[in-house]
Amino acid sequence: MSNNSRELILSNIRANIPPQPVEHPPIPVFNRSDVDLKSSFERHLEEAGGAAHQIGSGREAEAKLAALHSKAQVICSAVPEIAGTRRAEAVRDPHELADVDVGVVRAQFGVAAIGAVWLTQEDLIVNGLGFLSQHLVVFLDPAEIVADMHEAYARVRLDRTAYGCFMMGPSATGDIEATMVRGAQGVRSLHVFFLAPGAQANNLSA
């Protein structure tokens with residue numbers, strides 16, 4: 001392209017810039033009042049290789065974790081409901097997570113349409129916890145499940161965090177011979193514990 005052609009194109013663009021800023025088109029709200037968000041979340045999570053469990057208290061959560069991962073030696077927890085053998089707050093170097101059998105975190109919300117949870121660096125405390133752990137347990141308040149990604153992105157606040165990700169099920173890849181392999185590049189299993197925040201305090205006071 002010659003310089004004359006380039007300048008002609010740029011001049012035409014400049015001449016046709018709208019005088020006023022153009023607003024982005026509105027995103028419609030897709031009402032799905034007939035959908036049970038929790039059931040939909042569970043179904044899609046299972047399709048992605050994960051599993052969900054209804055938990056009634058902090059003690060029940062500890063018992064369920066022990067049943068799921070009876071051979072776990074190192075449990076790194078970022079939540080008050082599970083003490084673990086190592087606190088995420090005490091980790092200063094992601095390399096310290098190399099021996100973690102189970103990582104435990106709390107998601108801000110879930111997405112029913114895909115069975116995913118939203119985690120930020122504030123939830124993970126150390127970002128690597130969500131990926132270097134052999135297994136991941138994610139606490140989720142069932143009241144914090146949104147219908148779809150439209151609603152999810154309305155809740156994502158990247159101006160308040162430096163890192164965040166949607167996670168659905170354990171790590172998986174299907175690149176080789178179109179065969180699904182789970183746990184190849186990240187956590188080998190993902191279990192969601194439905195439990196509202198504060199259940200541990202209620203349990204201790206009982």
Side-chain angles (χ1 to χ4, degrees), residues 38 41-42 44-46 48-111 114-145 155 161-172 182-206:
K38 184 182 175 192
F41 175 89
E42 290 182 88
H44 288 105
L45 176 65
E46 290 175 3
H53 311 271
Q54 183 63 51
I55 304 296
S57 67
R59 287 195 181 94
E60 187 178 336
E62 289 189 340
K64 188 65 176 180
L65 191 152
L68 290 170
H69 304 291
S70 59
K71 296 182 180 180
Q73 298 295 312
V74 180
I75 299 173
C76 186
S77 177
V79 303
E81 293 86 354
I82 300 291
T85 61
R86 182 181 304 165
R87 296 302 303 175
E89 298 89 343
V91 175
R92 294 293 176 263
D93 185 335
H95 291 87
E96 297 174 25
L97 301 172
D99 61 346
V100 173
D101 296 305
V102 184
V104 188
V105 299
R106 175 175 285 280
Q108 294 185 15
F109 62 87
V111 186
I114 60 174
V117 293
W118 171 250
L119 295 164
T120 69
Q121 68 177 24
E122 287 73 27
D123 308 313
L124 296 163
I125 300 180
V126 181
N127 293 345
L129 182 60
F131 308 96
L132 297 178
S133 303
Q134 291 293 310
H135 305 276
L136 195 64
V137 170
V138 181
F139 282 77
L140 175 65
D141 184 347
E144 299 297 333
I145 299 176
R155 290 192 56 170
T161 185
Y163 175 82
C165 69
F166 287 101
M167 185 177 293
M168 52 181 290
S171 167
R182 301 193 186 280
Q185 302 161 329
V187 297
R188 294 159 54 194
S189 72
L190 188 148
H191 290 268
V192 171
F193 286 7
F194 288 130
L195 184 68
Q200 173 73 359
N202 294 336
N203 184 47
L204 292 176
S205 62

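Atom set for the values below is all heavy atoms of this structure, side chains included, hydrogens, waters and symmetry mates excluded. Predicted model only: the values in this text are computed from it and were never measured.
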Any donor-acceptor N/O pair, Thr85 side chain to Ile75 backbone, under 3.5 Å: yes

Hey, is the main chain of Ile82 close enough, under 3.5 Å, to the side chain of Ser77 for a donor-acceptor pair? yes

Should Thr161 and Glu122 count as side-chain neighbours, where that means a heavy-atom distance under 4.5 Å? yes

Just verifying a value: how many Å separate Ile114 CD1 and Leu45 CG, rounded to the nearest 0.5 Å? 10.5 Å

If you define the side chain from C-beta out and look only at heavy atoms, does anything of Val126 sit under 4.5 Å from Leu97? yes

Measure from the side-chain N and O atoms of Ser171 to the backbone N and O of Gly186, and report whether any donor-acceptor pair falls under 3.5 Å. yes

Report the distance from atom CE of Met168 to atom NE2 of His44, rounding to the nearest 0.5 Å. 8.5 Å

Between Gln54 and Lys64, do the side chains contain an N or O donor and an N or O acceptor separated by less than 3.5 Å? no

Quick check on side chain to side chain contact (heavy atoms under 4.5 Å, CB included): which of Arg59, Arg106, Glu60, Glu62 does Glu81 satisfy it with? Arg106

Please tabulate, for side-chain N and O atoms in residues 130-140, each donor-acceptor pair with protein atoms closer than 3.5 Å (sequence neighbours left out).
unit_1, atom_1, unit_2, atom_2, d
Ser133, OG, Leu129, O, 2.7
Gln134, OE1, Arg188, NH1, 2.9
His135, ND1, Ser189, OG, 2.6

Verify, without hydrogens or angle tests, whether Asp101 (side chain) and Gln73 (backbone) share a donor-acceptor contact under 3.5 angstrom. yes

Just say parallel, tilted or perpendicular for the rings of Phe166 and Trp118, cut-offs at 30° and 60°. tilted

Distance check, rounded to the nearest 0.5 Å: Thr120 atom OG1 versus Gln108 atom CD? 4.5 Å

Evaluate the side-chain proximity of Pro94 to Asn127: yes if any heavy-atom separation is below 4.5 Å, no if none is. no

Are the side chains of Phe41 and Val117 in touch, meaning some heavy atoms are under 4.5 Å apart? yes

